[in-house]
Each structure stands twice: as C-alpha cells, then as structure tokens.
Amino acid sequence: MVALVQDYKKSTSSGAGYAGALVTVLIWATWIIATRHSTGTQLGTIDLGLIRYGVPALVLSPVWLRTGLIPRNVPLILLVIMVGGAGALFFQFTTFAIHSTPASAVGVLLGGSMPLAAALIGVVLFGERPDLFRSLGLAAIIGGLAILLVRAVAGHEITWISFVFLPLGALLWAGYTHAFRRSGLTALEGGALIAVWSFIIHIGLALVFGTTIMTVPLGEIGLQFLSQGILSGLAAMLAYGIAVRALGGSQAAAFSALTPVLATFGGAIFLDEPVGVWEISAAVMTGLGVALSTGVLSHRLKG
C-alpha cells in the first residue's frame, strides 16, 4: 500500500512537471513573437525589462518580503546565478538579440540551445549521466536545430549578434536551472526573488540610460504587459519552477527544445515568416528528441 501511494505521488508530481514545462514553452514562444513585434515601437530593452519584472515583483511582494532579498538559507552564489541566468542579465542579452533576429532563428539559437546547455552543465559539474534514450533525444534535437539553423543562415537574415548573445542566454538559463534546483527555494520564492532583484537592476538602468515607456501608446503597453509581465514574468517563471522541482534540471530544460517549433510557426502566422517542408521536418525531429530526452520512454521501459 505504501508503495502504491508513493508511486501515485510520484506520477502526480511528474504530471505537474510535464504540464509546467509545456506551459512554459508555449509562453516562451509567445514572448519571442511579442518581443519581435516590439521592434516596431519605441520600447527599448530597458522599457521591456521594467514591464517584465515589475509586474511579478509587485504581485509576489508578500513572498520576497517574507524571505528577504537575500535569504539566509540560500548560498549567495546560487542567488546570483539565478538572478543573472533568468533575470536582468539574461533578459538584456536575449532581448537585444531578438530585436535583430527572425523568430525562427531565435527559437533555434535560444530555446533549442537550452536543453543542450543544461545537459552539458549537468554532466560536467554535477556528474549526471544521460542514458541511451536521452542521449539519442539530444542528438535528435541537434539534428532538428541544425536544419532550422541552416535554413536561417541561407536566408542571410541573422548576424553575429544572434550567434553570440542567444546561445549565451541559453547558457545563462541553463545555469539558473541547475542553481534553482539546488537552492531549496519553492517556485514562488525563486520567481519572486528573481523578479524583485531584476526590477531593481532595471530601475538602475533606467535612471542611467533613460526610458521611453511613457511615450508609447497604451495599446502597445498593454500587449507587452500581458506578454512580458503576466505570462513571461509571472506565469512562465512559476511554471518552469514547478517543472524543475518535479522533473529535474536537465529534463525540464529539454522541453525548451519545443520552442523553435512553436516560434517558427508563430513567426509564420504573426510575422509572415516562411515555413516549408524543411521547417516541418525539423519540427518532427525536434519533437521526437524532446520526447526521448525527457526520459519518458526510459521510465516506461524500466517499469
């Protein structure tokens, strides 16, 4: 009976983790489209950062007021990695690059790189050893990303900025994933601390470099408020925290490989970017890679 209860709790936790991961990548794809859209407005990266982190910092203020800005039971280095990897530094690097990168290429260079970076950190720093199916999954992800990347390069639409800052952002996010996993913080606590510290940093940037947020039409502010603040800044951060807690760092990050697929089709629908047989092939290959790299098949075979 005890074993049955434990198995039930484990399956319920895994289900919540998979749901959190899927919600996260859907929001990430929406964030890429909305951020690309912002290039046609007067909103700069600092303006978007104020919206992105101001909303969750306010909503989650009871949480970070309770934990304190520097929780005593969390090593400072982990907090710094979390804030940099999923907060202000990550956001400035990636948003700067997204403004000059097609959505499909953003999905490849950012979302597609995340599970690979997380797996690499897990192997090198924490001694994780992916089994055969997860290794095959990561290889399939690389194949899918390679197809999309070749298509993007052939179109001559991306520059060195994209190749440098987006993979760097993926590496930062992977670092956050593993740091949060080992911090002992809940999804709410982690999201609240990242939001408030990132908001403070963006206030400092706004004081130094200025902001144009007050000159932008309310409609555009509303769109970014929903996409950056509510969805990306609050919902996705909490959903991803749940996924990391339930599935582990490498498995949760593996779902981000779906981002290239969603961003590619989202770019076609909302930004008039072309989607053909190669993009569809990459979507199938990447989706298969995600299914394998999450360990679902491994668990079923063991069971």
Side-chain angles (χ1 to χ4, degrees), residues 23-57 84-114 148 152 157-159 161-173 176 194-195 198-199 201-202 205-206 209 211-213 215-237 239-240 256-273:
V23 167
T24 301
V25 295
L26 286 170
I27 294 175
W28 279 347
T30 302
W31 167 64
I32 291 173
I33 302 300
T35 303
R36 282 286 293 155
H37 171 76
S38 71
T39 58
T41 72
Q42 294 181 340
L43 288 169
T45 60
I46 295 175
D47 304 318
L48 293 175
L50 289 170
I51 297 172
R52 166 72 175 263
Y53 298 107
V55 173
L89 188 61
F90 166 84
F91 186 81
Q92 284 300 310
F93 281 176
T94 56
T95 305
F96 172 68
I98 289 172
H99 277 174
S100 59
T101 309
S104 58
V106 173
V108 173
L109 292 169
L110 180 60
S113 300
M114 285 178 178
L148 291 178
E157 296 176 322
I158 51 180
T159 67
I161 293 174
S162 307
F163 284 105
V164 171
F165 285 98
L166 292 176
L168 181 57
L171 185 61
L172 286 169
W173 187 274
Y176 148 72
I194 291 169
S198 297
F199 185 54
I201 291 170
H202 276 91
L205 291 174
F209 298 103
T211 175
T212 60
I213 197 169
T215 65
V216 178
L218 288 179
E220 292 294 339
I221 295 293
L223 174 64
Q224 297 303 329
F225 180 88
L226 175 62
S227 173
Q228 303 284 352
I230 300 297
L231 294 179
S232 299
L234 186 59
M237 184 66 69
Y240 191 70
S256 63
L258 287 173
T259 305
V261 180
L262 298 173
T264 297
F265 287 103
I269 295 171
F270 299 106
L271 303 175
D272 295 324
E273 293 183 358

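Numbers here are sequence positions counted from 1. Predicted model, so just to flag it, every value in this text is computed and none were measured.
Put simply, OH on Y176 and OH on Y240 are 7.0 Å apart, with the number rounded to the nearest 0.5 Å. One finds the CG atom of L262 at 11.5 Å from the CD1 atom of I27 (value rounded to the nearest 0.5 Å). Atom CZ of F91 is separated from atom CG of L48 by 5.0 Å, given to the nearest 0.5 angstrom. L50 contributes atom CG, which lies 12.0 Å from atom CD1 of I201 (distance to the nearest 0.5 angstrom). Taken to the nearest 0.5 Å, the CD1 atom of I46 stands 11.0 Å off from the CD1 atom of I213. Taking CG of L166 as the start and CZ of F93 as the end, the distance is 11.5 Å to the nearest 0.5 Å.
Ring pair W173/W28 is perpendicular by interplanar angle, where above 60° counts as perpendicular and below 30° as parallel.
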Go through it in stages, so that I can follow the logic: the residues are T211 and L205, the test is side chain to side chain contact (heavy atoms under 4.5 Å, CB included), and I'd like the CA-CA distance, side-chain angles, deciding distance and then a yes or no.
CA-CA 9 Å; T211 175; L205 291 174; over 6 Å; no
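The two residues I32 and A263 come nearest to each other via the heavy atoms CD1-CB, 4.1 Å. Taking both residues in full, the closest heavy atoms of P167 and S162 are given as CD-O, 3.3 Å, listed atom of the first, atom of the second, then distance. Counting all heavy atoms, side chain and backbone alike, I98 lies closest to R36 at O-CD, 3.0 Å. Taking every heavy atom of both residues into account, G229 and P56 meet most closely at O-CD, 3.9 Å. Residue A57 comes nearest to A195 through the heavy atom pair N-CB, 3.7 Å, listed as atom of the first residue, atom of the second, then distance. In terms of heavy atoms, T94 sits closest to L110 at CG2-CD1, 3.8 Å.
Applying the ring-ring contact (aromatic ring centres under 6.0 Å, His included) criterion to F225, with sequence neighbours excluded, gives no partner residue. For E220, the side-chain contact (heavy atoms from CB on, under 4.5 Å) test picks out H37, T41, V216, L223, with sequence neighbours left out. For F96, the ring-ring contact (aromatic ring centres under 6.0 Å, His included) criterion is met by F165, not counting sequence neighbours. Applying the side-chain contact (heavy atoms from CB on, under 4.5 Å) rule to F270 yields the partners I33; only residues at least two apart in sequence or on another chain are considered. Among residues two or more places apart in sequence or in another chain, the side chain to side chain donor-acceptor pair (under 3.5 Å) test is passed with Q228 by W31, T35, Q224. Not counting sequence neighbours, T30 has no partner by the side chain to side chain donor-acceptor pair (under 3.5 Å) test.
A donor-acceptor contact under 3.5 angstrom links the side chains of T215 and Q42, judged on distance only.
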